[in-house]
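Just so you know, residue 1 is the first one in the sequence shown, and it goes up from there. Indexing begins at 1, ligand by ligand and atom by atom, following the structure's order.
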Amino acid sequence: MRDIPTTALPDGTSIPIFGLGTWKMGERNADIAGEVATLRAGLDQGVTLFDTAEMYGSGGAEQVLGEAIAGRRDATFLVSKVLPSNAGRVRAIAACEASLKRLGTDRLDLYLLHWRGSVPLTETVRAFEDLVRAGKILRWGVSNFDPSDLAELDAISRNCAANQVLYNLTRRGIEFDLLPQAQRRAMPVMAYSPIEQGALLNDATLADIADGHGATPAQIALAWVMRRPGVIAIPKTGRAERVSENLGALDIELTEADLAKLDRAFPPPRRKQTLEMI
Ligand code: NAP
C-alpha cells in the first residue's frame, strides 16, 4: 500500500496526483470481472482517485467502478461527468442521481461537465450548485474547457474545482496558456489519455530514458505528466499488473537531461494552440 502524493483543490481538499481512468470499461460482459479486479488491485495498492463518466459504456463503467469500491467508498475520491446533452438545469440532476445509483454511493467528490455543448453555462452551473446544496456532489468542475471557455465560466462562478483535459508528451499545447492559467488560480488540471491511449509506448526516446531508470516507457510518460505541480494523471488499464507498473511512475525522478531529451523529441508549444480532444 503506497501513499500517493496529493495536490490541493481550490477549496483546500487534497486530491491524489495519480488516479485510474475507466473509459472502455463496462462495455463487454466477458471483461467485467477483470476490470473490477483491476480497480480493486488499485485500491489495495493505495489508489483512491477514480475517474469515470455516464458516457463510458453507457453507464457500464460506473457500474464496474461501483462494484469495485463496494464497502470501500469512504476510502475513495470519485469523479464522474455529465454529458453536455444532460447538462441542463433539470436533466443534470437526474443524470447525477443515475450516476450515484450506478456507483452505489450517495455523493460524488467531483462532478464535471464532460465537454461544452449547447446548454448555456449558467444553467449547468445552477444545476451543479443545486447538487452541491443537496449534498449529492461535493464540488464541480469542467472538462475540455479552453482558456476562453474558463474565462466565460469565471464570469458566472468562481467555484470550478478542476479542468480535465488531454495532456501527454505528444499533446503539449496546454503548456502555453491553459496550464499557467490553472496554476495561477491554484486549480488542478486532470491529464487524460496520459499515455496517448498506449500509442506513445513504442517511442525510441522514451525507451532510452526508461532504460536509464530501469523503468518502462509507460512509467516515464506518466512521470513526465506528473512532474508539474497541480497536474494529475489518470491512466486507464484493464490489467492488474499494469496498475502496479503505472504506479511505479511515482518513484521516478526525471533529470534535467531526461527533460531536455524529451523536449527535443516532443517540442513544447511556441504559440497558442487549439485545445485538442479525444
Ligand atoms: P490512456 O490512459 O492514455 O491509455 C489507456 C490505454 O493504454 C489502454 O488501451 C491500456 O490498455 C493501455 N495501457 C495502460 N497502461 C499501460 C501500460 N503500462 N503498458 C501498456 N499499455 C498500457 O488513455 P485513456 O483511457 O483515453 O485516458 C485515461 C482516462 O482519462 C480514461 O480512462 C478516462 O477516465 C479519462 N478520459 C477523459 C476524457 C475527457 O474528455 N474528459 C477523454 C478521454 C479519457 P489495457 O487496458 O489493455 O492495459
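The shortest side-chain heavy-atom distance between Tyr111 and Lys136 does not fall under the 4.5 Å cut-off. In this structure the side chain of Pro188 reaches within 4.5 angstrom of the side chain of Pro10, judged on heavy atoms. Residues Trp23 and Gln197 have side chains in contact (heavy-atom distance under 4.5 Å, counting atoms from C-beta outward). At a threshold of 4.5 Å between non-hydrogen side-chain atoms, the residues Leu153 and Val125 count as touching. Contact check for Leu100 versus Asp106: no side-chain heavy atoms found under the 4.5 Å cut-off.
Residue-ligand proximity, Leu201 to ligand 1, at heavy-atom distances under 4.0 Å covers atoms 19 (N), 20 (C), 21 (N). Ligand 1 places these atoms under 4.0 Å from at least one heavy atom of Ile234: 28 (C), 29 (C), 30 (O), 35 (C). With ligand atoms numbered from 1 in the order given, ligand 1 contributes 39 (C), 40 (O), 41 (N) to contacts under 4.0 Å with heavy atoms of Ser143. Applying the 4.0 Å criterion to heavy atoms of Glu245 picks out, from ligand 1, the atoms 18 (N). Counting the atoms of ligand 1 from 1 in the order shown, those under 4.0 Å from a heavy atom of Gly238 are 45 (P), 46 (O), 48 (O). Shown in contact with Asp51 at under 4.0 Å from a heavy atom are these atoms of ligand 1, numbered in order with element: 33 (C), 34 (O), 35 (C).
Backbone and side-chain nitrogen or oxygen atoms of Pro235 are examined, and none is located within less than 3.5 angstrom of a nitrogen or oxygen of ligand 1. For a threshold of 3.5 Å applied to N or O pairs, the pair formed by Thr52 and ligand 1 contains no separation below that value.
Looking only at distances, a side-chain donor or acceptor of Glu123 sits under 3.5 Å from a matching main-chain atom of Arg89. A distance-only check finds a donor-acceptor pair linking the side chain of Thr22 to the backbone of Asp51 [under 3.5 Å]. Not a single donor-acceptor pair under 3.5 Å links the side chain of Arg40 to the backbone N or O of Ala37. With Glu276 contributing its side chain and Leu166 its backbone, the two residues share no donor-acceptor pair below 3.5 Å.
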query = Passes side-chain contact (heavy atoms from CB on, under 4.5 Å), Asp130 versus Arg133? Steps please.
reply = CA-CA 5 Å; Asp130 284 348; Arg133 271 189 295 276; 2.6 Å; yes

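Residue Gly19 comes nearest to Pro235 through the heavy atom pair O-CD, 3.3 Å, listed as atom of the first residue, atom of the second, then distance.
Among Lys24, Lys236, His114, the residue whose heavy atom lies nearest to atom 14 (C) of ligand 1 is Lys236. Among Ser193, Ala199, Ala218, the residue whose heavy atom lies closest to atom 23 (O) of ligand 1 is Ser193. Compare Leu112, Thr237, Ile195 by their heavy atoms: the one nearest to atom 7 (O) of ligand 1 is in Ile195.
Nearest protein neighbour of atom 9 (O) of ligand 1, counting heavy atoms only, is Gln197 O, 4.2 Å. Ranking protein heavy atoms by distance to atom 32 (O) of ligand 1, first place goes to Trp23 N, 2.9 Å. When only non-hydrogen protein atoms are considered, atom 43 (C) of ligand 1 lies nearest to Tyr192 CD1, 3.2 Å. Considering only non-hydrogen protein atoms, atom 40 (O) of ligand 1 sits nearest to Asn144 ND2, 2.9 Å. In this structure, atom 11 (O) of ligand 1 lies nearest to the protein heavy atom Arg242 NH1, 3.6 Å. Remark: minimum distance from atom 18 (N) of ligand 1 to any protein heavy atom is reached at Asn246 OD1, 2.8 Å.
For the residue pair Asp208 / Thr205, no side-chain donor-acceptor distance below 3.5 Å is found, with atom types taken as modelled.
Taking 4.0 Å as the cut-off, Lys81 counts as a neighbour of ligand 1 on heavy-atom distance.
Contacts between Tyr56 and ligand 1 below 4.0 angstrom, taking non-hydrogen atoms only, involve the side chain exclusively. Contacts of Ala53 with ligand 1, taken as heavy-atom pairs under 4.0 Å, are absent altogether.
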